[in-house]
Amino acid sequence: MTERGHFGTRIGVILATAGSAVGLGNIWRFPYMTGQNGGAAFILIYIGCVLLLGIPGMVAEFIVGRHSGANAARAYKRLAGGRPWQIVGYLGVFTSMIIFGFYSVVAGWCLQYLYVSLTGQLHGNAEFVRTYFETFSTGALMPVFWTVVFILLTHMVVVRGIRGGIERASNLFMPTLFVLLAVIVVAACTLPGAGRGVEFLFRPDFSKVDNSVLLEALGQAFFSLSLGTACLCTYASYFSRQTRLLASAGQIAAIDTLIAVLAGLMIFPAAFSVGVNPDSGPSLIFITLPNVFQQAFASVPGASYVVSVLFYALLALAALTSTISMHEIGTAFFTEELRLTRSRGAWIETCACIVIGVVCALSMGAVGGLQLFGRSVMDFCDFLTAQILLPAGSFATCLFVGWYVPQHIVRDEFTNGTAVSTGLYRVWLFLVRFVSPSCIVIVFLHQLGLI
């Protein structure tokens with residue numbers, strides 16, 4: 001069995017873990033939610049939810065991972081002492097594999113759009129763009145091809161190990177992502193009429209804030225930071241003893257929020273400059289924005305081409321930083337539990353997720369009857385993980401760390417063996433024991449439509 005690796009630098013810890021949180025949701029969901037729910041008012045509420053739920057939950061998963069120094073399943077098992085709590089670790093591994101499978105389908109769409117943008121094929125009116133996406137996404141060959149390609153790209157990074165693969169890739173991909181995002185933001189904000197989009201995003205409108213908005217902000221904070229997937233636990237198992245868990249969680253949450261806000265500055269100014277009110281989800285990035293970029297930059301020769309290529313390169317990078325962390329969860333599990341080399345453990349994860357991804361891709365319309373409980377396999381996997389497994393895993397982790405794990409272990413991990421953060425530790429422990437579980441229950445009930 002291959003010896004476990006560790007992150008080599010503090011910046012590597014931050015960029016790799018932030019990369020696991022930064023993904024397509026930052027781009028296709030957060031800006032829309034912000035614009036529709038009070039602009040800056042929503043952002044302030046979201047930040048409050050990150051402080052109450054996101055950061056405490058992240059630190060709880062960090063504690064389990066770093067103290068155990070093992071894959072997610074073994075980490076919970078070691079701290080559980082043979083009690084049923086170890087199920088939480090296995091749940092995290094299972095959840096991450098499902099997410100990796102169906103997420104790679106959407107990531108594959110990004111690669112297809114990057115390709116057709118580079119070759120100049122994504123050019124036409126709004127109806128052409130809509131028809132193109134519907135035809136492509138429901139096809140059999142190309143969605144499967146790009147899904148497999150994306151999973152193999154992820155495999156190529158993870159199989160190289162922690163420092164040589166994940167850390168090195170994160171140190172390259174995350175700064176590149178920031179540069180691409182900054183270039184498009186500047187281009188979008190200099191368009192005629194872009195100020196209306198900036199105002200729509202940032203103008204605080206507290207009249208729109210109601211219980212529904214509060215719940216949406218709470219849910220966005222929960223899902224945006226990858227809580228409940230076991231990726232935070234797995235990455236923390238590679239942290240050094242010198243890594244300050246609370247500070248790292250705060251920095252990761254700040255990077256994740258910053259990218260989401262910048263995504264809004266990329267989308268809304270361009271959309272408002274051509275009189276389009278953006279929606280959310282896949283239709284935003286695969287139907288609405290291609291047409292927006294063509295119209296907004298039509299007056300500058302080649303500009304729409306360049307922006308489109310940069311945008312889909314940005315999306316592919318954002319997706320890749322997330323799938324790397326998902327792949328690592330399963331790779332660490334198979335490598336350590338089956339006592340395999342890292343290469344063999346990574347291939348088991350890759351092959352399993354290719355099967356999931358291919359089935360999800362085909363269920364979008366290419367093969368009729370690929371459904372579970374009245375949903376396409378793709379939609380069912382999304383529903384199962386987002387609305388049931390993730391909240392359940394995060395809720396159990398808060399109870400496990402807050403009430404079951406011996407407090408001398410929790411305190412030592414939180415404070416890094418010092419008394420400097422004792423006051424913060426008490427506040428954090430209160431949040432993990434009482435506030436965060438309550439928030440997760442509220443999110444869970446809201447996702448199911450019960451409140």
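If you read the sequence from its start, that first residue is 1, and numbering goes on from there.
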Could you tell me if the side chain of [Y] sits less than 4.5 Å from the side chain of [X], heavy atoms only?
| X | Y | answer |
| --- | --- | --- |
| Asn416 | Arg66 | yes |
| Met266 | Leu314 | yes |
| Leu245 | Phe414 | no |
| Val261 | Phe202 | yes |
| Arg344 | Phe334 | no |
| Leu153 | Leu111 | yes |
| Ser248 | Arg10 | yes |
| Phe62 | Thr17 | yes |

Is [X] reaching over with its side chain to a backbone N or O of [Y], donor-acceptor style, under 3.5 angstrom?
| X | Y | answer |
| --- | --- | --- |
| Asn37 | Thr34 | no |
| Gln251 | Ile14 | no |
| Glu61 | Gly228 | yes |
| Asn26 | Asp256 | yes |
| Thr229 | Gly92 | no |
| Thr95 | Leu91 | yes |
| Tyr113 | Phe286 | yes |
| Ser363 | Met378 | yes |
| Tyr90 | Ala72 | no |
| Ser96 | Val93 | yes |

Trp109 vs Phe133 aromatic rings, parallel, tilted or perpendicular, using cut-offs 30° and 60°?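 Plane angle over 60°, so perpendicular.
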Where do [X] and [Y] come nearest, in terms of heavy atoms and distance?
| X | Y | answer |
| --- | --- | --- |
| Phe400 | Ala80 | CZ-N, 3.9 Å |
| Pro391 | Ile440 | O-CG2, 3.4 Å |
| Ser394 | Leu227 | OG-CB, 3.9 Å |
| Ser170 | Pro175 | O-CD, 3.6 Å |
| Gly54 | Leu225 | CA-CD1, 3.5 Å |
| Ala361 | Thr147 | CB-OG1, 4.1 Å |

Is it the case that the side chains of Tyr76 and Ser68 hold a donor-acceptor pair, with the cut-off being a distance below 3.5 Å and no angle test?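 Note: Ser68 and Tyr76 side chains miss the donor-acceptor criterion.
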Any chance the side chains of His327 and Thr331 put a donor and an acceptor closer than 3.5 Å?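 Per modelled atom types, His327 and Thr331 side chains form a pair under 3.5 Å.
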Does [X] have more than 12 heavy atoms from other residues, nucleotides or ligands lying within 6.0 Å of its [atom1]?
| X | atom1 | answer |
| --- | --- | --- |
| Phe94 | CZ | no |
| Arg168 | CZ | no |
| Arg78 | CZ | yes |

Is the shortest side-chain N to carboxylate O distance from Asp412 to Arg241 below 4.0 Å?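 Salt bridge flag = yes for Arg241 with Asp412.
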Salt bridge or not between Glu328 and Arg342? Use side-chain N to carboxylate O under 4.0 Å.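 Salt bridge: yes.
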In Å and rounded to the nearest 0.5 Å, what is the [atom1] to [atom2] distance from [X] to [Y]?
| X | Y | atom1 | atom2 | result |
| --- | --- | --- | --- | --- |
| Leu15 | Leu172 | CG | CG | 10.5 Å |
| Ser237 | Phe7 | OG | CZ | 8.0 Å |
| Tyr235 | Ile162 | OH | CD1 | 7.5 Å |
| Leu214 | Ile442 | CG | CD1 | 9.5 Å |
| Ile324 | Ile329 | CD1 | CD1 | 12.5 Å |
| Cys439 | Leu53 | SG | CG | 5.5 Å |

Single hit among Phe100, Phe150, Trp347 for ring-ring contact (aromatic ring centres under 6.0 Å, His included) with His155: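 Among the candidates, only Trp347 passes.
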Would a line drawn from the ring center of Phe30 to the ring center of Tyr46 be shorter than 6.0 Å?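 Aromatic pair counts; centres sit under 6.0 Å.
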Would you check if the distance from the ring center of Phe434 to the ring center of Trp403 is below 6.0 Å?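 Yes, the ring centres sit under 6.0 Å apart.
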Apply ring pair (Phe, Tyr, Trp, His ring centres under 6.0 Å) to the pair Phe444 and Phe395, showing each step before the final yes or no. CA-CA 10 Å; Phe444 180 72; Phe395 179 76; 8.9 Å; no
Could Arg83 and Tyr404 be counted as a cation-pi pair, given that NZ or CZ must be under 6.0 Å from the ring centre and within 45° of the axis?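 The answer is no; the distance or angle limit is not met.
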Step by step, would you call Val116 with Phe136 a side-chain contact (heavy atoms from CB on, under 4.5 Å)? CA-CA 12 Å; Val116 295; Phe136 160 71; over 6 Å; no
Go through the steps for Val405 and Trp85 under the test side-chain contact (heavy atoms from CB on, under 4.5 Å), then give the verdict. CA-CA 10 Å; Val405 177; Trp85 288 106; over 6 Å; no
Evaluate Ser226 against Ser325 for side-chain contact (heavy atoms from CB on, under 4.5 Å), listing each step before the verdict. CA-CA 10 Å; Ser226 299; Ser325 66; 5.8 Å; no
As a quick check of understanding, evaluate side-chain contact (heavy atoms from CB on, under 4.5 Å) for Phe311 and Leu289, giving each step before the final call. CA-CA 9 Å; Phe311 177 70; Leu289 287 181; 3.4 Å; yes
